[in-house]
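Have a look at the structure below before the remarks.
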Amino acid sequence: MFNTTFIRPAKFYLGGFSNIPHIRYFYIFLCFVYIVTVLGNGFLLSVIWLVKTLHTPKYMIVFNMALTDLCGSTALIPKVLDTFLFDRRYIVYEACLSYMFFVIFFASVQSWTLVTMAYDRLIAICLPLRYHNIVTETSITAILLFVWCFFVSAIATMVGLLNRLSFCRSLVINSFFCDHGPVYRLACNDISINQNLASAIVSIVIIIPLAFIVATYICISIALSRTAFREERLKALKTCTSHLILVAIFFLPWTGTNVAAVSSYIDPNARMINSALTHTIPPLLNPIIYALKTEEVTNAIKKLCKRHYLSNKKKEKHKGMLKQNRLSLF
């Protein structure tokens, strides 16, 4: 029998963003990003909630996207600002695992929400006559519910397996948040299970969704190439532009960072800044893209503004009539 000592630290130390000149400007930028993200996604959620014409399966997916963007940014940015702007780099072990779970969980749900959007566009363009029979509120609710439940289980398992590790080396996490890879690499016992599970999660969150989306657009391209009228092709492509932009701003930075990390050396601080932007910029841009590029959303916003304007007019008219009635009494 070998006598092994199991060590679980009380705290970790977040060592990210060290020795970077003028880094405070980056924190101010992140603060601005967070405020705009909350306002933009909050506004998009409100518009979808209030306008009944947007209560469709397609906008259930958009609603889910805005919700996960909002939650993901809230899980990450305020804690990053608290840690580095106010120099509170020590984080309790349990808090570190919770932090890790929520950041990775919402990023995973965002990825598969984009897959669900691709599925919606595939059916809409390739099977337009059967679209309303296949893409129903029930089917989309089931898909989104499955995504949430699956990733709660998968990410909880991945994070929970860190409890089997003994941390007898450095307690400095070389990241700007409690990232899974930098944490399990600090352990001094067998980490093969953690490595294998991390690889599986990366495949499920990045590789499989990207492959599915690429395959979806190949099918859409083939279907559109068989369409005789150019106007119909352009109209169909126009419905995909918002989704394609979202896919590009979500997956390209992730893919670029990982490919660059494998093929060449990247300065740790450059990698962390790039990773921070990869986590924070898509949730900032998503509502802006949907508000500007989607005709239905723009029309819904105009409708809400008109309703608000008419409601105010009605109130002013009512107040004026009450004032006249009071004056006539005297």
From CA spacing to verdict: side chain to side chain contact (heavy atoms under 4.5 Å, CB included), Y99, V92: CA-CA 10 Å; Y99 188 16; V92 176; over 6 Å; no
Out of curiosity, [X] [atom1] to [Y] [atom2], how far, rounded to the nearest 0.5 Å?
X    : Y    : atom1 : atom2 : result
L76  : C71  : CG    : SG    : 13.0 Å
D179 : Y184 : CG    : OH    : 10.0 Å
R8   : F167 : CZ    : CZ    : 8.5 Å
N299 : T53  : CG    : OG1   : 8.5 Å
N64  : T116 : CG    : OG1   : 7.5 Å
I191 : L162 : CD1   : CG    : 10.5 Å

Which heavy atom of [X] sits nearest a heavy atom of [Y], and at what distance?
X    : Y    : result
E137 : P57  : N-CG, 3.6 Å
I173 : P182 : CG2-CB, 3.8 Å
I201 : A154 : CD1-CB, 3.9 Å
P209 : S203 : CD-O, 3.8 Å
P253 : N274 : O-ND2, 4.3 Å

Indicate yes or no: at least one non-hydrogen side-chain atom of [X] is less than 4.5 angstrom from one of [Y].
X    : Y    : result
V183 : Y93  : no
W112 : I204 : yes
V80  : T280 : no
I245 : L285 : no
V38  : S73  : no
S18  : R89  : yes

Verify, without hydrogens or angle tests, whether [X] (side chain) and [Y] (backbone) share a donor-acceptor contact under 3.5 angstrom.
X    : Y    : result
R88  : K79  : no
T68  : M65  : yes
S153 : C149 : yes
H55  : L50  : no
N196 : I193 : no
H180 : V159 : no
S275 : M272 : no
W49  : F63  : no

Partner of N286 under side-chain hydrogen bond (donor to acceptor under 3.5 Å, both in side chains), chosen from T37, D69, T113, N41: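 Answer after filtering T37, D69, T113, N41: D69.
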Cluster question for you: counting only ILVMFWY and a side-chain heavy-atom cut-off of under 4.5 Å, with indirect links fine, are [X] and [Y] together?
X    : Y    : result
F251 : V202 : no
F146 : F105 : yes
L81  : V33  : yes
V115 : L127 : yes
M117 : L252 : no

Electrostatic pair D120-K58, nearest N-O below 4.0 angstrom: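 Looking at K58 together with D120, the answer is no, because their closest N to O distance does not fall below 4.0 Å.
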Option passing side chain to side chain contact (heavy atoms under 4.5 Å, CB included) with [X] (candidates [options]):
X    : options                : result
F32  : I28, L30, I35, V36     : V36
I249 : I289, I281, L244       : I289
Y119 : T216, L114, I213, I143 : I143

Derivation and outcome, disulfide bond (SG atoms under 2.5 Å apart), residues C188 and C168: CA-CA 6 Å; C188 51; C168 54; 1.8 Å; yes
Whether F84 and Y27 hold their rings parallel, tilted or perpendicular, with breakpoints at 30° and 60°: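 Ring orientation, 0 to 90° scale: parallel.
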F26 and F17 aromatic ring geometry - parallel, tilted or perpendicular at 30°/60° bounds: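 Ring orientation of F17 relative to F26: perpendicular.
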Passing candidate, ring pair (Phe, Tyr, Trp, His ring centres under 6.0 Å) with H279, options Y34, F177, F106: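 Going through the options one by one, the only one that passes is F177.
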Atom CZ of F102 with >12 non-hydrogen neighbours under 6.0 angstrom: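 Count not over threshold, so no.
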CZ/R24: more than 12 non-hydrogen atoms of other groups inside 6.0 Å: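 Count not over threshold, so no.
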Check against side chain to side chain contact (heavy atoms under 4.5 Å, CB included), Y13 and L171: CA-CA 6 Å; Y13 181 85; L171 299 178; 5.6 Å; no
Candidate pair F29 and L277, rule side chain to side chain contact (heavy atoms under 4.5 Å, CB included), full reasoning: CA-CA 10 Å; F29 170 71; L277 293 174; 3.7 Å; yes
C178/C96 sulfur gamma separation below 2.5 Å: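 The answer is yes, since C96 and C178 bring their SG atoms under 2.5 Å apart.
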No-hydrogen, no-angle side-chain donor-acceptor test under 3.5 Å, N189 and R164: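 Side chains of N189 and R164: no pair found under 3.5 Å.
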Stepwise side chain to side chain contact (heavy atoms under 4.5 Å, CB included) check, I91 with T83: CA-CA 9 Å; I91 183 166; T83 302; over 6 Å; no
